Structures are given as C-alpha cells and as structure tokens.
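The structure displayed is predicted, hence computed values, not measured ones. Every heavy atom of this structure was used, including side-chain atoms; hydrogens, water molecules and symmetry mates were not. So you know, we letter chains A, B, ... as the sequences are listed, proteins then strands, and number each from 1.
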Protein chains: 2
Amino acid sequence: MTISSRGAATIEEVAAVAGVSRSTVSRVVNGSTAVSAEAREAVQEAIARLNYVPNRAARSLASSVTLAIALVVPEDTTRFFGDPFFAAIVSGINSVIRDSDYVLNLLIASDDAGEKMTSYVRGGNVDGAIIVSHHTSDTFIDRIAAAVPVVYGGRPVRERPNDYYIDVDNRAGAADATAHLIAKGRRNIATITGPLTMPAGVDRLDGFHDAMNDAGLTPVGTADGNFTANGGATAMREILDTGVRPDAIFVASDLMARGAMSVLQSSGLRVPEDVAIVGFDDSPVATGVVPQLTTMRQPSFSQGRAMAATLLQILGGEEPTHATIMSTELIDRDSA
Amino acid sequence: MTISSRGAATIEEVAAVAGVSRSTVSRVVNGSTAVSAEAREAVQEAIARLNYVPNRAARSLASSVTLAIALVVPEDTTRFFGDPFFAAIVSGINSVIRDSDYVLNLLIASDDAGEKMTSYVRGGNVDGAIIVSHHTSDTFIDRIAAAVPVVYGGRPVRERPNDYYIDVDNRAGAADATAHLIAKGRRNIATITGPLTMPAGVDRLDGFHDAMNDAGLTPVGTADGNFTANGGATAMREILDTGVRPDAIFVASDLMARGAMSVLQSSGLRVPEDVAIVGFDDSPVATGVVPQLTTMRQPSFSQGRAMAATLLQILGGEEPTHATIMSTELIDRDSA
DNA sequence: ATGAAAGCGCTAACAC
DNA sequence: GTGTTAGCGCTTTCAT
C-alpha cells in the first residue's frame with residue numbers, strides 16, 4: 001500500500017491544474033499572505049478538485065518539522081486506563097490537538113525503561129512531548145526534555161526554572177478537603193495517600209498535614225493507596241487493622257475512595273455516619289458510588305487543554321507561562 | 001527546534017566514518033543480508049559512535065512507508081478510558097508495537113464525525129489502522145478501511161469477506177454464563193446488555209437467548225447498560241422498577257455488573273443469595289467488588305497482541321487469518 | 001507576487 | 001558485495 005499506488009495528488013499536480021508554480025501552491029497551503037487573490041482561489045479550487053492532502057513526510061523532511069507530538073505515559077497501562085482522571089486529561093489534550101495540524105504519538109513507557117521511547121523522541125520524530133504523569137523513578141524523562149520542548153501534567157519531580165507544567169493547587173485542595181472534615185466535627189482523621197513518588201501524592205499529603213496542624217490535630221493513620229481502587233481498599237484495611245477507627249478519612253483520589261468505601265461498608269461501617277470521606281478529583285466515580293462522594297473537583301479536562309495549548313504555543317515560538325496552577329473546589333455531596 | 005540544529009547524524013556521516021557508501025549503511029540498517037561482515041561491523045560501530053537514528057520522514061518519503069499505525073478509538077473518551085477492558089487491549093497492542101519499528105498514532109473520534117481522522121488516514125500518513133471498537137453509527141470506518149489495511153477489535157458491524165478481526169466467541173461465552181446461572185437452580189433470569197449498536201452487545205444477548213431457549217426459560221427482563229458502570233446501575237433500576245424480581249442476571253460486562261450490584265445492594269438485595277450475577281470480561285473490577293464476581297474471562301491482553309500482530313503481518317506482506325476467534329472461560333467466584 | 005532551483009535524508013534500482 | 005544515481009514531495013531562498 002504505497003502512497004503513489006493510491007494515486008494521491010501531489011503539489012505538482014495541483015500546481016498544474018491551477019496554472020501556477022509549486023511555490024505558489026505551497027504558499028497558499030501554508031497560509032502565506034503574499035499570494036494574489038486569483039492565484040489563491042485557483043489553487044484552492046484545484047486542491048478541492050484533486051482532493052489534495054499534503055504529504056507529511058515530505059513536508060517534514062523539507063522543513064524539519066514533524067507535526068507530531070508525543071503523548072508520554074510513564075504509567076502502568078492498567079492505572080492509566082483505569083482512572084477517569086486520565087480520561088479527562090487526554091480528552092482535553094485531544095480536543096486541542098484535533099484542531100491543529102499535529103497528531104499524537106502514543107508512547108507508553110511500560111517495562112522497557114523508556115529506552116525505545118527516548119531514542120524515538122531524540123531521533124527527531126516529534127516536535128514536542130506531553131508527559132501526563134511523573135514519578136521519581138522516571139529518569140528517562142530528563143533525556144526527553146533535553147531533546148524537545150516538554151509540558152508536564154503536574155509539577156515535575158525535579159522542577160527546573162524553565163519547565164512548563166499545568167497543575168492544580170494540590171496542597172491547598174487537600175487542606176480544604178481536610179478542613180471540611182474537621183468542620184464537620186471529626187477529630188480522628190486518617191488519610192489514604194497517592195504514591196509518594198509522585199508530586200501529586202506528596203502535595204496532597206502535605207495539604208492534609210497543613211489542615212491537621214492548623215487544627216491542632218494528629219493523624220490517626222496514613223496509608224499509601226497507589227491511586228487505584230484496589231490500592232485504596234488495601235490501604236483502608238491496613239488502617240482498620242491497626243485497631244484505631246478513624247471517624248473521617250481524606251482520600252487523595254476518588255478511585256481510592258471507592259475502594260476504601262467498599263471495605264468500610266463490608267466491615268459494617270456506615271459512610272458518613274461512622275466514617276466520613278472526602279475524595280479528590282470529582283471524576284465520574286464520585287457520583288457512581290453510594291453514598292455519592294464529597295470530593296475536591298479539579299478541572300481535568302481544562303488541564304488537558306491547557307497542556308496541549310501550552311505546548312502548541314511553545315512550538316509556535318511563543319513564550320507561555322511556565323507554571324499554570326489551577327484551583328480546586330469542594331463538591332459537597334453525601335459522604336462527608 | 002529543528003533536526004539539524006540538534007546536530008543529528010545523517011546516513012552520509014555514518015557512511016563517511018565507516019568508510020563505506022550510503023547504500024551499505026542503508027543495507028545494514030534495514031537488515032539486508034548482502035553485506036560483508038567487516039562492512040557491517042564498521043557501520044554498526046559508526047552508528048553507535050555517532051548515535052545515529054534514521055530520519056523517519058526521509059525514510060518514509062523514499063519508501064512510501066510511514067511506519068505508523070493509527071489506533072482508532074471510535075468511542076467516547078470516558079468510556080474508552082474508564083473500562084479496564086480497553087486498558088488490557090491497548091496494553092496488548094502496545095506490547096507488540098513496541099518491539100517493532102512502528103509507532104501508534106492515537107486518533108480519538110470524539111465529536112468531529114471522523115472527518116479529520118479520515119483525511120489523515122487517507123492522506124497516506126499511516127500504513128494501517130487498528131480499530132478498537134465499532135458501532136453501527138461509525139460510518140467513517142468504511143472510508144478508513146478503503147484506504148489502508150485495517151484490523152478490527154471484535155467482529156465489524158458489516159462484515160466483509162476480506163475483513164481482519166480478532167474476537168472472542170461472545171455468543172458461546174454468554175450462553176455458558178447463562179447456563180451457569182441455570183445450573184445453579186435459577187429460573188427467573190434477566191440480562192443487562194451492552195449497546196445493541198455493537199456486535200459484542202448483540203452477540204452476547206444472542207448467547208443469553210440461546211441458553212434460555214435451551215432450558216425452556218423466558219427472560220424476566222432485559223435492559224441496555226451501555227457497557228458502563230453507571231449504565232449498568234440504571235439498567236438494574238429499570239429492571240427492578242418493572243416489579244419483577246429476577247433471581248439471577250447475566251450482565252454483559254464486569255463494569256456494568258459493578259453498577260448493577262451496587263443498586264442491588266442498596267436495595268437490600270443480597271448477592272448471590274437473592275440475586276445471582278455473572279459478568280463478562282474478568283477485568284480487575286471483577287475482584288474489586290464484594291462479593292467477587294463470577295464472570296466469563298476473555299483474553300483481552302492476548303486479543304490486543306493478536307490485533308497488532310495481525311496488522312504487522314499484513315503490512316509485512318503475509319496473509320494472516322481473517323477471523324481469529326478466541327474462547328472464553330467461566331471464572332467461578334462468589335456472585336453466582 | 002511569482003517561478004526556478006536547490007536541497008531535506010533516505011531508499012532502491014542499476015551497474016559494476 | 002558495493003557504489004552511483006535518481007528520485008520521494010515538499011519548503012525555501014533567490015531572482016525576477
């Protein structure tokens with residue numbers, strides 16, 4: 001299945017039909033202003049007639065621009081696809097990319113330690129990269145960032161002055177969530193955290209501590225739920241197994257909260273009567289559990305859009321804001 | 001950020017360092033056998049020394065091969081990312097693609113009716129496409145299939161003699177699941193289906209009917225759960241609202257089963273005592289619910305691998321099997 | 001405003 | 001077995 005066998009029109013043929021030179025066709029395709037109205041019209045007509053689509057390989061070769069962006073997923077596939085948070089992020093990214101000339105190359109880190117991924121990016125195959133999550137162990141990220149412009153989802157692990165990233169104020173959000181629990185009269189509060197190898201995990205734990213300290217309270221339990229539903233369930237059991245029974249828990253993601261709630265409920269504990277829960281994300285799972293989850297909303301779709309928009313700006317030669325921090329909002333439902 | 005500004009080595013430079021011609025370098029890079037051992041070694045050394053990575057645009061232009069594969073997602077992002085079934089599929093696809101020279105271009109249909117997607121594929125930008133799910137309304141798929149080789153995940157909506165697809169025997173699996181319920185002594189059986197605009201939805205419903213007919217039973221309820229957890233919950237409510245109380249339900253996906261179970265349980269019905277449930281997929285959600293779900297296992301990861309392997313074979317000029325049907329297996333847990 | 005011409009880095013006949 | 005040569009389809013000076 002070669003290109004020519006499908007008989008795709010070339011710029012040369014368009015030029016012939018329009019009665020102009022290749023250069024002129026190229027100019028109108030690329031939106032140059034220096035083209036007469038008649039010429040432009042003739043070219044556009046020829047393009048439509050021949051159903052012309054520029055060959056991106058040729059364009060890339062001639063201009064050293066690939067019009068491709070790497071969507072780097074340094075994440076276990078199950079985690080990535082299992083969390084509605086990422087769904088919203090990618091959806092946002094896609095909504096911006098779709099309206100541009102760029103395409104997304106899906107690069108999943110998986111178990112190859114990023115070797116092939118790195119050489120792909122460094123081999124000049126993409127113009128930039130969007131890195132949707134980031135762990136301390138992801139050392140290959142640095143090599144990617146050294147090769148092409150990068151936008152991170154969330155504060156990068158080792159922040160550098162010139163990094164671009166989109167984040168929410170995780171620390172403030174977590175503090176707000178915890179404060180809500182305290183305001184409800186709860187005093188024996190535990191937390192289920194994300195992985196502490198991720199900035200989001202650390203920041204939300206810090207926010208939890210901020211609010212607890214402000215209230216003069218000491219956490220009655222802390223467990224890592226790995227940002228997954230199963231991890232949240234395991235963490236919940238861990239906390240229960242210590243013998244203390246918290247009357248409230250700040251859970252750093254909705255997915256983990258779902259896991260925790262099912263353990264609570266099958267232990268005969270009522271939510272929120274016995275144990276109040278506040279989650280984080282306000283993803284679809286928040287309204288899919290019973291009782292519906294009180295949670296911190298983060299604008300995931302907008303975050304995705306902002307990530308893509310920022311990268312496009314960089315690639316367009318602009319100088320966007322380096323750190324965009326969006327804010328979170330408490331969504332008060334029934335679990336706390 | 002141009003390629004040349006990053007000083008990437010070209011084939012010419014490698015040739016110079018190795019003391020051979022470009023052609024010879026090209027031969028060793030592409031694994032031609034017609035190269036002497038010394039030449040091969042010299043070239044490989046030069047490649048390593050210069051950190052040479054072939055420019056894929058140039059290669060593509062010269063050979064009319066893009067080394068890119070479209071991963072077409074004709075699915076609402078939330079559904080796609082929210083279902084662990086797709087996670088396993090994509091994970092399988094990725095595990096094969098990763099070891100090849102191909103990359104995946106992520107094309108999400110979303111709301112543009114596939115217009116840009118179609119012109120992208122028809123524009124000669126990919127060598128083939130993997131279509132991970134398929135609805136009757138996805139008319140743009142035909143135009144994609146007309147342009148490049150395509151492998152479908154699941155029987156395509158309008159099957160043609162030359163289609164390639166990987167599927168499981170949904171009908172037999174659904175029948176087995178239903179037969180299990182019947183064998184447990186249940187007689188008032190309902191089903192929650194996937195969208196009947198999808199072959200998997202239809203086939204599983206057919207299998208359900210097969211088993212019911214074989215046992216001389218009449219379904220006490222049928223509702224569409226849209227292959228989502230929330231949809232499963234809604235469908236469960238619908239069935240309950242009709243006034244009949246089934247003593248068993250075949251639910252055509254684990255995700256829907258989770259939704260259905262939560263409705264059942266918050267209605268005070270016990271699983272499996274009052275209502276037995278068999279799901280479909282054996283995805284991680286099956287073991288994440290209480291009680292753990294009895295379900296039909298389908299080899300999702302293998303399906304993904306087979307999809308990618310089949311496409312690679314086609315692109316390599318081989319003639320793989322057109323329809324690969326994998327079998328399902330009852331995983332007997334606690335919900336039935 | 002437009003055209004001519006020179007590549008971009010690579011593959012693939014074709015000759016030797 | 002290896003080198004020479006002619007493009008692949010496009011962008012981009014540079015003239016005009």
Side-chain angles (χ1 to χ4, degrees), chain A residues 1-43 46-47 50-68 101 122-125 127, chain B residues 1-44 46-47 50-68 101 123-125 127:
Chain A
M1 181 68 60
T2 65
I3 291 175
S4 53
S5 79
R6 286 215 324 290
T10 70
I11 198 173
E12 194 105 25
E13 293 161 6
V14 173
V17 169
V20 299
S21 71
R22 298 202 314 238
S23 313
T24 299
V25 176
S26 177
R27 287 190 187 97
V28 353
V29 167
N30 294 294
S32 163
T33 49
V35 180
S36 70
E38 311 94 80
R40 159 170 288 105
E41 211 162 304
V43 168
I47 286 177
L50 298 177
N51 207 350
Y52 169 71
V53 179
N55 178 304
R56 107 176 1 224
R59 196 200 281 232
S60 170
L61 184 56
S63 64
S64 292
V65 159
T66 65
L67 294 183
D101 286 333
R122 304 200 55 197
N125 295 300
D127 295 333
Chain B
M1 179 69 60
T2 65
I3 291 174
S4 55
S5 79
R6 286 214 326 287
T10 72
I11 200 174
E12 194 105 28
E13 293 163 6
V14 173
V17 170
V20 298
S21 73
R22 295 203 315 239
S23 313
T24 299
V25 175
S26 177
R27 288 188 187 99
V28 353
V29 167
N30 293 296
S32 161
T33 48
V35 180
S36 70
E38 311 93 81
R40 161 169 287 106
E41 210 162 306
V43 168
Q44 280 165 341
I47 286 176
L50 298 178
N51 208 348
Y52 169 71
V53 179
N55 179 305
R56 100 173 12 221
R59 197 199 284 229
S60 170
L61 184 55
S63 65
S64 291
V65 157
T66 65
L67 293 183
D101 286 333
N125 294 302
D127 296 331

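For E12(A) and dG7(D), the CD to P distance is 13 Å, given to the nearest whole Å. D101(B) places its CG atom 14 Å from the P atom of dC10(C), with the value rounded to the nearest Å. Rounded to a whole Å, the CG atom of L50(A) is 14 Å from the P atom of dG9(D). We find that CZ of R56(A) is positioned 17 Å from C1' of dC8(D), with the value rounded to whole Å. Rounded to an integer number of Å, the gap from I11(B) CD1 to dG9(C) P is 11 Å.
For V20(B), counting side-chain heavy atoms from C-beta on, the closest listed nucleotide (dG3(D), dT11(D), dT2(D)) is dG3(D). With dG1(D), dT11(C), dT2(C) as the candidates, the nucleotide lying closest to the side chain of N30(B) is dT11(C). Taking only side-chain atoms of T24(B), from C-beta outward, the nucleotide of dT2(D), dT2(C), dC10(D) with the closest atom is dT2(D). Distances were taken from every side-chain heavy atom of R27(A) (C-beta onward) to each of dA12(C), dT2(C), dG7(D); the shortest belongs to dT2(C). Here dT11(D) is the nucleotide among dC10(C), dT11(D), dT2(C) with the atom lying nearest to any side-chain atom of S63(A). Closest to the R59(B) side chain, of the nucleotides dT11(C), dT2(D), dC10(D), is dT11(C).
In summary, of the residues considered (I11(B), T66(B), N30(B)), a side-chain contact (heavy atoms from CB on, under 4.5 Å) with R59(B) occurs for N30(B) alone.
One can find a donor-acceptor pair under 3.5 Å joining the base of dT11(D) and the side-chain atoms of R22(A). For S23(A) against dA4(C), a side-chain N or O and a base N or O form a donor-acceptor pair under 3.5 Å.
Heavy-atom nearest nucleotides on DNA chain D were determined for L61(B) and for R40(B), and the one closer to the 5' end corresponds to R40(B). Nearer to the 5' terminus of DNA chain D, by closest-nucleotide assignment, is the contact made by S21(B) (compared with the other of S26(A) and S21(B)).
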